[in-house]
Protein chains: 2
Amino acid sequence: MKDAPPPRASRRKASTHTIHDVAALAGVSSITVSRYFNNPEKVSVAVRERLREIVERIGYVPSQVAGGLASGRGRVVCAVMQNIASATFADLVKGMTDELQASGLQLLLANAQYSQTLEENAIRTFVGWHPRALILTRDDHTPAAEAMLSALDIPVVEAWGFVDDRPFHQVGFPHAETGAQLAHHFLEQGATRVRFVLPHIGEDFRAAQRAQGYAATMTAAGLAADVQVADVEDDFEAGARTMTALAAAPRADRPQAIIFANDNMAAGAILHADDCGLVLPCDCALAGFGDAPISVRLKPALTTLRPARYQIGQMAARTVLRMLAAPQDPTPAPGRALLPCELIVRESSRLTPG
Amino acid sequence: MKDAPPPRASRRKASTHTIHDVAALAGVSSITVSRYFNNPEKVSVAVRERLREIVERIGYVPSQVAGGLASGRGRVVCAVMQNIASATFADLVKGMTDELQASGLQLLLANAQYSQTLEENAIRTFVGWHPRALILTRDDHTPAAEAMLSALDIPVVEAWGFVDDRPFHQVGFPHAETGAQLAHHFLEQGATRVRFVLPHIGEDFRAAQRAQGYAATMTAAGLAADVQVADVEDDFEAGARTMTALAAAPRADRPQAIIFANDNMAAGAILHADDCGLVLPCDCALAGFGDAPISVRLKPALTTLRPARYQIGQMAARTVLRMLAAPQDPTPAPGRALLPCELIVRESSRLTPG
DNA sequence: TTGTATGCGTTATCAG
DNA sequence: CTGATAACGCATACAA
């Protein structure tokens, strides 16, 4: 038989109320307070009202940390983005938070800057938070990341892209196809020389996918694929330089149309064309990607593709919610949500016959 | 004397490794594993190496939830933003995450859409996460929110603005002053009729602060303050309509210069001026706010103010880190970091004499 | 340098 | 409808 251990110094932080404080004030046990928050209907109306008043008065808020530990299911969803400084990021995040908030789920964000390694690090960090679900924004991960994902045993959504044969939910659109779409748009108008301009030393692998779709379409049509990579970081400047170079080239060598990997490059081109003595779209037809707010205001207005950014974020979150609400389905078939990426035809892409 | 209670069903989730699994595999006690993560130097090199191998092999990641609960200090910093869809949001968030990440702190974000009530809700939610610090992006809160903030007893940073006599750390710049700065810019050129155009039914209270600074300057100069509010949501459209109205007004009634509350409105105006038969800046000088990437490319290039967005996010995070690193200072004087908001003078604001 | 005992604030289980 | 008890996974205090 052991002696009673000596009392130890307590580490209670006096500054915060606990469920026990509320229980004591109400003259009930703490589990009743727990139920008041999680299953109010299982608490009598009288007690409920008393608790409501006390909680209100002392400003008690249940600890997500303790609750998450005890229940084994925290209220956290994690998302790894690729470019936290882009408009795409903002719209996706808004879509996700708007949708998750109502369910009391907290979104944790990380930035991978288009890097597989940074994505792996982010996932590793997130694992420590025991999230209920994970939202990723690419479909090619490091082997280590793939291993963690399958070991996690939680819903995983790959948003923004849309590919086949993945073990995870897909919410987005096929990027290569959008490149093909723009190529077709020009081929249908009779173009034979169409160029694709990628941003500087490509971090953005989606842009590269669009370029591939373009190239495949050109090749299939028996035409030459002409993919160029910008030599400056700034997208506007890159577009402007493309125009300068175009004006300097002999007319016969010029492409009849240029597809820019994003609207910023195209805008830079349009705003600089006049300085180069080029008249758009006569001297060269243009298209972009992303439907930036400014694009419709440019002269000529920019033809572009409009991805459903907000809706993709929203749908990714909905997919998560659906999976969490569903009964314990062991390995459900991954959901596939194909969201629109609409071709917006404006003046800039009108090809001059001949 | 009571009977031994019957054994209860365990709720262990088999799917995740714990610190005990690692300890068992290494033949040490679990506290040693805990130390390996938190104070590696207190563990012998031999054990350290063994643990490193095991952790790597089974892919163990410490639970932030359990750790946070046990230590009473989770690795969380919370931030309430005002407009999650804006470029400002993206830059601020990037500055904060870049800075916090190295310290292993996780940033939790919420969106308040310029609403005090939504901010209060967000703070209430965050309280449940027991964050180490809180970053806000306004300085006027509801009484309830103020009450929670003082009860929290953690560092609170108010970022983006910069006001006096607040109990919390300030990181940003005084917005009213920037409005005054633009007003002066035109007054110094001899302007007497300067207009300020606010975006539609103002959610953005910062824009209103800039307008106040403008108005005060005009009044002080003995001139009339002329603040107009856009009648459409879309900023580009609002700017365009401003030009249309300007062209329709008799020349003598026209302002000599217009300050737009943001660059998007100014861009809309510049892109539409030609359609109205207006020549800028001769017919009217223009200025904006925010230094959008496109602004320098416009014809004429747009005069604007360039707030140090990324640096404000970074400095807000640094302030948090500094406070957390500092010893238990009970109520330190709030820090005050005044970050630059630079006037970028370009062609659009050149006033035509006479 | 390592281990033991205890508690963080909440919820799951089982009993009334 | 309510309550007693034992986890949840880890870190702190203290002892060896």
Side-chain angles (χ1 to χ4, degrees), chain A residues 2-24 26-51 55 60-75 127-130, chain B residues 2-24 26-51 55 60-75 127-130:
Chain A
K2 294 161 88 171
D3 292 312
R8 305 250 179 144
S10 171
R11 344 170 217 163
R12 171 163 291 141
K13 319 180 300 178
S15 66
T16 302
H17 295 289
T18 77
I19 206 172
H20 300 108
D21 300 333
V22 178
V28 298
S29 92
S30 40
I31 186 64
T32 300
V33 181
S34 175
R35 276 196 273 259
Y36 166 71
F37 282 105
N38 299 308
N39 302 86
E41 74 282 0
K42 292 194 164 187
V43 175
S44 69
V45 180
V47 173
R48 219 183 311 186
E49 176 54 27
R50 193 140 35 102
L51 287 174
V55 166
Y60 167 76
V61 178
S63 165
Q64 297 292 329
V65 181
L69 178 58
S71 69
R73 303 172 291 117
R75 315 189 65 66
V127 167
W129 285 99
H130 296 278
Chain B
K2 293 163 89 174
D3 292 312
R8 306 252 180 138
S10 171
R11 352 170 207 162
R12 171 162 291 141
K13 319 180 299 176
S15 66
T16 303
H17 295 289
T18 76
I19 206 173
H20 303 291
D21 301 332
V22 179
V28 297
S29 93
S30 41
I31 186 62
T32 300
V33 182
S34 174
R35 277 196 274 257
Y36 166 72
F37 283 104
N38 299 308
N39 303 85
E41 74 281 359
K42 292 195 165 188
V43 175
S44 70
V45 180
V47 173
R48 219 184 309 186
E49 177 55 26
R50 194 141 34 104
L51 287 174
V55 166
Y60 168 75
V61 179
S63 164
Q64 298 292 330
V65 181
L69 179 58
S71 70
R73 303 173 291 118
R75 315 190 65 66
V127 167
W129 286 99
H130 296 279

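Each chain gets a letter, A, B and so on, in the order the sequences are listed, and its residues count up from 1.
In this structure, the NE2 atom of His130(B) is 10 Å from the C1' atom of dC8(C), given to the nearest Å. We find that CD1 of Ile19(A) is positioned 14 Å from C1' of dC8(C), with the value rounded to whole Å. Rounded to whole Å, atom P of dA11(D) lies 10 Å from atom NE2 of His20(B). The nearest whole Å value for the distance from the CG atom in Leu69(A) to the C1' atom in dG9(D) is 6 Å.
Each end of the helix from dT1(C)-dA16(D) to dG16(C)-dC1(D) gets its own axis, taken as the rotation carrying the C1' atoms of four end pairs onto the next four within a five-pair window, and the two axes meet at 20° to the nearest 10 degrees.
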For residues 33-43 of chain A, which side-chain N or O atoms pair as donor and acceptor with protein atoms under 3.5 Å away, sequence neighbours left out?
residue, atom, partner, partner atom, Å
Ser34(A), OG, Asn38(A), ND2, 3.4
Asn38(A), ND2, Ser34(A), O, 3.0

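The nucleotide whose nearest atom lies closest to any side-chain atom of Ala70(B) is, among dT2(D), dG7(C), dT12(D), dG7(C). Taking every side-chain heavy atom of Tyr60(A) into account, dT10(C) is the closest of dT10(C), dG9(D), dT11(C).
Atom CD of residue Gln64(A) and atom CG of residue Leu69(A) lie 13.0 Å apart, to the nearest 0.5 angstrom.
Within residues 26-44 of chain A, the residues having any heavy atom under 4.0 Å from DNA chain D are, by residue number, Val28(A), Ser29(A), Ile31(A), Thr32(A), Arg35(A), Glu41(A), Lys42(A), Val43(A), Ser44(A).
Under 4.0 angstrom from either OP1 or OP2 of dA12(C) there lies at least one side-chain N or O belonging to Arg73(A).
With sequence neighbours excluded, the residues that form a side-chain contact (heavy atoms from CB on, under 4.5 Å) with Ala26(B) are Val28(B), Arg50(B), Leu51(B), Ile54(B).
Shortest non-hydrogen contact noted between Ala23(A) and Ser29(A) is CB-C, 3.7 Å.
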